[in-house]
Each structure stands twice: as C-alpha cells, then as structure tokens.
Amino acid sequence: MSGWLCIAGLGPGDDAMVTPAVSQALAEATDVLGYIPYVARVVARPGLRLHPSDNREELDRARAALALAAQGERVVVVSSGDPGVFAMAAAVFEAMEGRDDWQALDVRVLPGITAMLAAAARAGAPLGHDFCAINLSDNLKPWSLIDRRVRAAAGADMAMAFYNPRSASRPHTFEQVLAVLRETCEPTRWVIFARSVSTPQEQLLCVPLCDARPEMADMRTLVIVGSSTTRCVGRFVYTPRSAS
C-alpha cells in the first residue's frame, strides 16, 4: 500500500472544532507526529504509533514524517489551530526541498480553525475588516523585524492578531509591542486578550490600549488589537466592513 502524509490542524482545543477530514485522517493513520501537547490530544489505539517531540524540532519532525511516508506508512503531522499558520506545513515543505523522492509523495494539508479565528468568534467580529497576523516570538526572526511589521500594520490601520505574545523566557517582547502601539495608535483602541479559547480554561478580556498590560498575556493567549474603527456593541467587539 502506498504511503501518504497529512499535515493536519487540530483546532484551538475543543474536540468539537476538529474537522471531519482531520478525524478521518487520524482514524486511518499508522503514525502521528507532533509537538508533545498536540500529540497528547490524539487518542491512542492499536496499530497507531505516536511520536511526540519538542517544539524546537520542527524540521527533524518533518523529515521523520516524510521518511515514514516514503516507507509506505500513513502519517499525520499534527499542529494546533491550522497547520499553515505559524505551524508544521511550512516545515514539511521546507524539508521537501532538494528531495525529488519526497516531493513525489502523496502529501495533503488539512486546514483547522486557528486560534485567531476562534478568539475573534468569541469576541464578536474584531476581524470584520482588513487585518493581519504577526507571530511575536523572536526565536526564528529578530526583534527589529517584529518592530517593523507591527509599525507597518498599525500605520496601515489594520486590526492585528498577535500569536505567541509573551513567554517566561521573553517577557519583554509584548511589553515592547505595547510601547510601539502606544506610539502609533490612539489610547482608546480596543485590545482583546483571548486565553485558551474553547477549553475549560478559557478567559476573555477586552480593554482599551491605555489599560493593556504585558502580564495580561502569556503563550496561551491570542491578542487582537482592533483598528481605529473597531467598537463595542453590548458585550461584543466588532470592526465594521465599511472603512469610513
């Protein structure tokens, strides 16, 4: 039997948000690879081999998955959210470069619900108009590039979704981003802190930029900053589709 590789998104946390296509791929898989907490979300069963690994081993994980598929195994690489958004799809395609045999494999990307979309849905519709997503981790890119992109997005008056805003090893990054936003945006700009959306630990907080604090975010938080037109209606936050 020919092997295949699916790069799958498990969604933001609630099993109900895993798509049927991803569930079917997991049901047929012989091997599942991914970051330790994501593999832990996959139910063990006879005939299924689980391969958890550290979050800094993306390329090694991708190469291992491609090698298994080349051997005829049915392989799923799992990510949280969507695998194409700051996740494993890019790593798999990077690992395929220069390998014609791996490029000939049956490889599919199965989308998932991103943390950004899950958080926006909980808040209302803060991404109702133009928006961008920026990963604030400086593990794979310098702070100077993050700073430039945040300033550009704020200058273009787009809503912004920030992934990986703050961790124990880099508590300074989000504080610097807030400083940039206070230089370029009005103090009443709405900021949404959405933590662990769709899980029992879910927390949602919406404050004006002047009240936003670095400690309101951690690595399980998705931060959405509205545009100048973003406003509240009742308990919801939304950005109207009209630019004026």
Side-chain angles (χ1 to χ4, degrees), residues 12-13 35 37 54-59 79-82 84-88 90-91 94 114-120 122-124 126-197 199 201-232 237-239:
Y35 179 36
D54 185 77
N55 65 339
R56 293 177 182 266
E57 299 176 10
E58 290 187 350
L59 274 176
S79 297
S80 66
D82 181 278
V85 179
F86 307 126
M88 280 302 299
E94 183 177 351
T114 70
M116 173 180 67
L117 298 182
R122 282 289 193 266
L127 305 180
H129 205 343
D130 297 338
F131 65 89
C132 68
I134 301 175
N135 189 338
L136 298 186
S137 172
D138 58 2
N139 289 333
L140 299 176
K141 61 179 182 286
W143 160 251
S144 59
L145 181 57
I146 296 172
D147 178 87
R148 180 156 56 90
R149 289 178 174 172
V150 172
R151 290 180 186 276
D157 196 16
M158 289 192 290
M160 295 163 272
F162 294 138
Y163 282 75
N164 302 319
R166 188 170 181 265
S167 69
S169 62
R170 47 175 184 80
H172 60 284
T173 308
F174 187 54
E175 184 174 4
Q176 290 173 291
V177 167
L178 285 177
V180 170
L181 293 174
R182 289 185 175 116
E183 290 176 21
T184 53
C185 303
E186 64 279 3
T188 54
R189 184 76 61 101
W190 288 109
V191 182
I192 299 162
F193 295 88
R195 186 178 189 277
S196 301
V197 170
T199 76
Q201 293 77 42
E202 178 178 316
Q203 297 176 346
L204 195 70
L205 176 65
C206 183
V207 299
L209 177 59
C210 59
D211 292 336
R213 299 289 179 267
E215 59 272 15
M216 293 177 177
D218 61 14
M219 282 295 287
R220 299 186 67 186
T221 305
L222 189 288
V223 180
I224 296 177
V225 180
S227 73
S228 64
T229 64
T230 302
R231 51 187 185 259
C232 287
V237 180
Y238 83 104
T239 304

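In this text the structure is predicted, and so the values were computed from the model without any measurement. Numbering starts at 1 and runs along the sequence shown.
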If every non-hydrogen atom of P126 is compared with every non-hydrogen atom of A120, which pair is closest and at what distance? CD-O, 3.4 Å
Determine the minimum heavy-atom distance between C210 and R182, stating which atoms define it. O-NH2, 4.0 Å
Are T229 and Y238 packed together at the side-chain level, in the sense that at least one heavy-atom pair is separated by less than 4.5 angstrom? no
Just do the side chain to side chain contact (heavy atoms under 4.5 Å, CB included) check on C132 and M160 with the steps written out, would you? CA-CA 5 Å; C132 68; M160 295 163 272; 3.8 Å; yes
Do side-chain atoms of T114 reach the backbone of L117 as a donor and acceptor pair under 3.5 angstrom? yes
Keeping to residues at least two apart or across chains, list the salt bridge (Lys or Arg N to Asp or Glu O under 4.0 Å) pairs with something in residues 143-161. D147-R151, R151-E183, D157-R189
Evaluate whether atom CZ of R56 has more than 12 neighbouring non-hydrogen atoms of other residues, nucleotides or ligands under 6.0 angstrom away. no
Taking R166's backbone N and O only, do any of them form a donor-acceptor pair with T173's side chain (distance below 3.5 Å, no angle check)? no
Close side-chain approach of V197 to L222, heavy-atom, < 4.5 Å: no
Any non-hydrogen side-chain atom of V223 less than 4.5 Å from a side-chain atom of F174? yes
Could you work out, with salt bridge (charged side-chain N to carboxylate O under 4.0 Å, His left out) as the rule, every residue matching E202, not counting sequence neighbours? R122
Using the side chain to side chain contact (heavy atoms under 4.5 Å, CB included) definition, which of the options T230, T239, I224 pairs with L127? I224
Can you see which heavy atom on P12 is nearest to which on T199, and at what distance? O-CG2, 4.2 Å
Can you name the nearest heavy-atom pair linking F86 to A133, along with the distance? CZ-O, 3.9 Å
For residues 213-223, which residue pairs qualify under salt bridge (Lys or Arg N to Asp or Glu O under 4.0 Å), counting only residues two or more places apart or in two chains? R195-D218
Measure across P165 and L136 and return the closest heavy-atom pair with its distance rounded to 0.1 Å. CA-CD1, 3.8 Å
Do V177 and F162 have side chains that get closer than 4.5 Å, going by heavy atoms? yes
Within the 3.5 Å criterion, strictly below it, is a donor on N139 or S137 matched to an acceptor on the partner's side chain? yes
Side-chain heavy-atom pair C206, W190 within 4.5 angstrom cut-off: yes
Between R231 and V237, is any pair of side-chain heavy atoms under 4.5 Å apart? no
Working for side chain to side chain contact (heavy atoms under 4.5 Å, CB included), residues E186 and S228: CA-CA 8 Å; E186 64 279 3; S228 64; 3.6 Å; yes
Is a donor on one side and an acceptor on the other found under 3.5 Å between the side chain of K141 and the backbone of N135? yes
Considering all heavy atoms of both residues, which atom of V180 and which atom of T184 are nearest to each other, and what is their separation? O-OG1, 3.0 Å
Donor-acceptor check, side chain of Y163 to backbone of M116, threshold 3.5 angstrom: yes or no? yes
To the nearest 0.5 Å, what is the distance between CE on M88 and OH on Y35? 13.5 Å
Are any of the side-chain heavy atoms of D138 and Q176 separated by less than 4.5 Å? no
Take M216 and V191 through the side chain to side chain contact (heavy atoms under 4.5 Å, CB included) test and state the conclusion after the steps. CA-CA 11 Å; M216 293 177 177; V191 182; over 6 Å; no
Are the side chains of L178 and L209 in contact, using a 4.5 Å heavy-atom criterion? yes
